[in-house]
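Values in this document were obtained by computation on a predicted structure and should not be read as measured data. A note on names: the letters A, B, ... follow the listed sequences, proteins ahead of strands, and every chain is numbered from 1.
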There are 2 protein chains.
Amino acid sequence: MAKKNPTESELEVLNILWQHGPSSVRFVNDELNKKKEVGYTTTLKIMQLMNEKDLLTREISGKKHIYAHQIKEKATQKSLLEKFVDSTFRGSASKLVLQALGNHEASQEELDEIKAFIEKIEIKALIKKTENKKS
Amino acid sequence: MAKKNPTESELEVLNILWQHGPSSVRFVNDELNKKKEVGYTTTLKIMQLMNEKDLLTREISGKKHIYAHQIKEKATQKSLLEKFVDSTFRGSASKLVLQALGNHEASQEELDEIKAFIEKIEIKALIKKTENKKS
DNA sequence: AATAAACTACGAAACTATTCGTAATAAAGC
DNA sequence: GCTTTATTACGAATAGTTTCGTAGTTTATT
């Protein structure tokens, strides 16, 4: 049962919970307000709706409700990325990669990590090729 | 005067115009309907609004109006990508790159292109470093 | 226990994007 | 020229998201 992708505001909330773990509405709202002005009841409402949509769980702790993410960060990123590649790069992930590398300054460590990952892919492809020859 | 990013529907229209060049509403609507059902007047309306927003230009050719994109593909992709990296990967372009490479099967040619691009970045960084030592 | 402070619940307003029905207009075919 | 056909113009309905005011509830303070 794949869940619908979160909206922009929902994603903002999720990012905070992914970073900081289970949190109160107060905390999330304070975090949000570091980036933009948003009313407390607005944040409350969004989180309540997210709870109804099963994007968040809720625990009652004294007066407060403590919310936690119910969808995983990686899986959500993957789903959103898929849609984004389709709509913005007409399905070409490599075009997106080139753009991303061009726009943002990547550190040497990041570049190394990416290179290593590419190598891993290439090796995997090589093995596949060898196996095909055998059969 | 930076233009606002196009919406989902607007991007679909733009993708068709970027691929096929200036087109009539009829053509765009037919193209759209290859992927999903959408009424003619819906497409018409969207393109009219895009014209008002200066996302498209319009030329009258006989009975028909011919629309053309007024924003560039690369620039739009860059702007959308920037926002996407921020909202979905908390600003980490390299995380996005790793995910993108992991999700999609890239051909050897694409991988080579990416590797070459990384090398170019590394060389550029190296030159910068050397220059700094001199001064 | 009374008051104040912090929180949740609820409903409605505002905004944005999308969709399409209907009318008006222009062109094409007969 | 008249009818049919394709197009544009316009306005309104729909849907989804975001926003927040107000009321009610719970907890803390005195």
*Spacing between B/N5 atom CG and C/dT16 atom P, to the nearest angstrom*: 15 Å
*Whole-Å distance between D/dG16 P and A/M50 CE?*
18 Å
*Which residues within residues 35-48 of chain A lie with some heavy atom under 4.0 Å of an atom in DNA chain C?*
A/Y40, A/T41, A/L44, A/K45, A/Q48
_Below 4.0 Å: OP1/OP2 of C/dA17 and any side-chain N or O of B/T7_ = no
*Under the side-chain hydrogen bond (donor to acceptor under 3.5 Å, both in side chains) rule, collect the residues that match up with B/N51, sequence neighbours excluded.*
none
*asked:* Nearest whole Å is fine: how far is D/dT18 P from A/L32 CG?
replied: 12 Å
*Going by heavy atoms in the side chains, are B/L96 and B/L81 under 4.5 Å from each other?*
yes
*Quick one: label A/E10 by what it contacts on the DNA or RNA (base, sugar-phosphate, nothing), any heavy atom closer than 4.0 Å.*
nothing
*Do any side-chain nitrogens or oxygens of B/R26 fall under 4.0 Å of OP1 or OP2 in D/dA6?*
no
*Tell me whether the OP1 or OP2 atom of D/dT7 has a side-chain N or O from B/R58 closer than 4.0 Å.*
no
*For atom CD1 of B/I60 and atom C1' of C/dT25, their distance in whole Å*: 13 Å
*Quickly, which of A/N29, A/D30, A/N33 forms a side chain to side chain donor-acceptor pair (under 3.5 Å) with A/T43? Name it, please.*
A/N29
_Test item: side-chain donor near acceptor, A/D112 and A/Q108, under 3.5 Å_ = yes
*Within residues 64-73 of chain B, find the residues that approach DNA chain C with a heavy atom at under 4.0 Å, and present them sorted by residue number.*
none
_Looking at A/E10 and A/K4, is any side-chain nitrogen of the basic one under 4.0 Å from a carboxylate oxygen of the acidic one?_
no
_Euclidean distance, atom CD of residue A/E12 to atom P of D/dT19 [Å, nearest integer]_ = 8 Å
_B/D86 and B/K83 ion-paired at < 4.0 Å_ = no
*Rounding to a whole Å, what distance do you find between B/N29:CG and D/dT7:P?*
10 Å
_Whole-Å gap separating C1' (C/dC7) and CG (A/D30)_ = 13 Å
_Which heavy atom of A/S87 sits nearest to which heavy atom of B/N15, and what is that distance?_
O-ND2, 2.9 Å
_Whole angstrom value for the distance that separates C1' of C/dC15 from CD of A/E8_ = 16 Å
*So do A/I114 and A/L101 actually touch side chain to side chain, heavy atoms under 4.5 Å?*
yes
_B/K35 with B/E12: basic N within carboxylate O range, under 4.0 Å_ = no
